[in-house]
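Computed over heavy atoms, backbone and side chain alike; hydrogens, waters and symmetry mates excluded. Chain letters run A, B, ... following the sequence lines, proteins first, then strands; residues in each count from 1.
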Number of protein chains: 2
Amino acid sequence: MTSDDTPMRPSGKHLRTAVADDLRRAIETGELPPGATLPTEPVLMQRYGVSRNTVRNALGDLENAGLIEVRQGRGRQVRRREPVWIYASRSESRARRRPSGVDSWVDDMRSQGRVPRTDIEVAVLHAPVDVSERLNLDNGATVAVRRRIRFADDQPWNMNDSYYPMWLAQEVPAILDPADVTTGLTVHLADRGYAQVYYNDELTARMPTPDEAKALNIGPGVPVMCHMRTGVTKGGKPIRVTVTVMPGDRHRLLYEVPA
Amino acid sequence: MTSDDTPMRPSGKHLRTAVADDLRRAIETGELPPGATLPTEPVLMQRYGVSRNTVRNALGDLENAGLIEVRQGRGRQVRRREPVWIYASRSESRARRRPSGVDSWVDDMRSQGRVPRTDIEVAVLHAPVDVSERLNLDNGATVAVRRRIRFADDQPWNMNDSYYPMWLAQEVPAILDPADVTTGLTVHLADRGYAQVYYNDELTARMPTPDEAKALNIGPGVPVMCHMRTGVTKGGKPIRVTVTVMPGDRHRLLYEVPA
DNA sequence: TAGTGGTCTAGACCACACT
DNA sequence: GTGTGGTCTAGACCACTAG
């Protein structure tokens, strides 16, 4: 028994890596195009001469790399990608043409030939620490939140939660009115003297929590982009924090910024 | 034998899920704070009354969720997070104070008390399709590329590749000069009549390729943010595409945009 | 040397999907 | 029903880290 007597071991690599790499190559070269069904576990066991656990470990690596998706009883398929564009910041000329009273999700989706929908609910709760920091509130202060789940073609697409300090919700009762009037609400705030003059946007990428994965139907190996937007008034006072959680394989965020 | 005779099975869930959820709870409540070492595999087998494979599957789920990291022979630890801020777009007043000749990476890192370094190399190659599309070039056209690996405190932190059309590299030879003069190069281009007046930024999140994971020392369960910036001249001509690949757990990207 | 995690095997049984 | 993937067990051996 030499140290390299097993079949299909290209170069000192482990069996699971060898199997995963061979399948990865097939996917990247288009030999297994998007949507194609992969060979079944027994076939792969035979082809590479390894045990079922090893095949499953290799396939698990590809799944966690976001390359394939699996449905019990139906096999594994090369993942399709069809991201949607989200405009986070447009040039002046284009931004101004947006009709008030319709939110940007509706705009963005319609322009891409998709059918938008938004489910919204409102609540009052203790602010998460991320939010209270950005709103200059004490830890544990209460805030009003408008939670949205946004759909495209009836599929849950992202989550978008807007937090307002409680004093503002009392001054502008529309905040706690569960009607889908995002841009309208912004105009409403401006009329009351709380116009947002700029936004501070923060972007991170991470893996979804189990709750997020369930609510947005996110499979293994798909991260989320997390977008936190703080709206600031002329006086420098933060009045809103909006947290958007977007599955990475379904979104492309766009900014148009001056050089 | 009933269907639920195993210990520690809270609610119809699978064993691996029960184990993973219990450990996840401990991490989220701070019972296992960042940096803490998890119990060993034999201990967990005993505690939950499951086999080693099941313990390993549960721990693997936590690893792929980005919650823990593992080093052979040393055990598993709750992952620490210490992201760095990257300013993608600042307000006018702050942007203008930046000294020319020093790139933004150096600026951003020094202001956060870290020691920046940039390794750079230049090359001429066929443009990836993503790049040729954005530069309005034919598929397979050659481009000049400045590849950077950026370090913080001597750790590889992100990759930053700038692509220029070949005609521009011939007109502005500094593009193919491997010296770390990012902002200087921008000024240089402006002097030759190729000032960039705005950027189109596109952001996505995905899992790293094996190459990226190796080069940037990215562990399992950590996604990357991919930032593609297209620089456009006054005449609307794209002259540069910069692709930045940032491990999600080490970066926080900031934009300051007008409302 | 002892203890950790890493890989691999073999086999049993369960859950789901198609036909 | 047949075939797919999902879970779980038991055991062997290897590779790395620490004392």
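Residue pairs satisfying the side chain to side chain donor-acceptor pair (under 3.5 Å) criterion with at least one member in residues 121-131 of chain A, sequence neighbours excluded, are absent. For residues 63-74 of chain B, the pairs satisfying salt bridge (charged side-chain N to carboxylate O under 4.0 Å, His left out) are B:Glu69-B:Arg79, with sequence neighbours left out. For the side chain to side chain donor-acceptor pair (under 3.5 Å) condition, the pairs that include at least one residue of residues 25-38 of chain B, sequence neighbours left out, are B:Asp22-B:Arg25, B:Arg25-B:Glu31.
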### Task
Would you check, one step at a time, whether the test side chain to side chain contact (heavy atoms under 4.5 Å, CB included) holds for B:Phe151 with B:Thr118?
CA-CA 6 Å; B:Phe151 297 75; B:Thr118 304; over 6 Å; no
### Message
Between A:Met246 and A:Val224, is the side chain to side chain contact (heavy atoms under 4.5 Å, CB included) condition met? List the steps.
### Response
CA-CA 5 Å; A:Met246 296 170 279; A:Val224 294; 6.0 Å; no
### Query
Given the rule in the side chain to side chain donor-acceptor pair (under 3.5 Å) test, do B:Thr244 and B:Asn160 qualify, once you have shown the distances and angles that lead to the verdict?
CA-CA 4 Å; B:Thr244 309; B:Asn160 178 262; 2.8 Å; yes
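Rounded to a whole Å, the CD atom of A:Gln77 is 11 Å from the P atom of C:dC18. Across the protein-nucleic acid pair, A:Glu69 atom CD and D:dG5 atom C1' stand 14 Å apart, rounded to whole Å. Atom-to-atom, CZ of A:Arg76 to C1' of D:dT4 comes out at 9 Å; the value is rounded to the nearest Å. The separation between A:Glu41 atom CD and D:dT4 atom P is 9 Å, rounded to whole Å.
By the side chain to side chain donor-acceptor pair (under 3.5 Å) test, B:Ser51 pairs with B:Thr54, sequence neighbours left out. In terms of the salt bridge (charged side-chain N to carboxylate O under 4.0 Å, His left out) criterion, residue partners of B:Glu41 (sequence neighbours excluded) are, by chain and number, B:Arg52, B:Arg56, B:Arg76. Remark: A:Glu202 pairs with A:Arg134, B:Arg252 by the salt bridge (charged side-chain N to carboxylate O under 4.0 Å, His left out) rule, at least two apart or across chains. Partners of B:Tyr255 according to the side chain to side chain donor-acceptor pair (under 3.5 Å) rule, which considers only residues two or more places apart in sequence or in another chain, are B:Asp201, B:His227.
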Output side-chain donor-acceptor pairs under 3.5 Å for residues 204-211 of chain B, partner residues at least two apart or in another chain, one line each.
{"unit_1": "B:Arg206", "atom_1": "NH1", "unit_2": "B:Glu212", "atom_2": "OE1", "d": "2.9"}
{"unit_1": "B:Arg206", "atom_1": "NH2", "unit_2": "B:Glu212", "atom_2": "OE2", "d": "3.0"}
{"unit_1": "B:Thr209", "atom_1": "OG1", "unit_2": "B:Glu212", "atom_2": "N", "d": "3.1"}

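Looking at residues 208-218 of chain B, you'll see that no heavy atom sits under 4.0 Å from any atom of DNA chain C. In the region residues 54-62 of chain B, proximity to DNA chain D at under 4.0 angstrom, judged on heavy atoms, holds for B:Thr54.
Residue A:Arg16 places its side chain closer to C:dC8 than to any other of D:dT4, C:dC8, C:dG6.
For B:Arg146 (side chain) and B:Asp177 (main-chain N/O), a donor-acceptor pair under 3.5 Å exists by modelled atom type.
Taking 4.0 Å as the cut-off between side-chain N and carboxylate O, A:Arg148 and A:Asp161 do not count as a salt-bridged pair.
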## Note on the structure
Note, DNA chain C 5' to 3' with Watson-Crick or G-U pairs under 3.5 Å encoded as ( ), [ ], | and . gives ||||||||||||||||||.
### Query
Which letters describe nucleotides 10-18 of chain D, given B = protein heavy atom under 4.0 Å from base, S = only from sugar-phosphate, - = neither?
B-B--BBSS
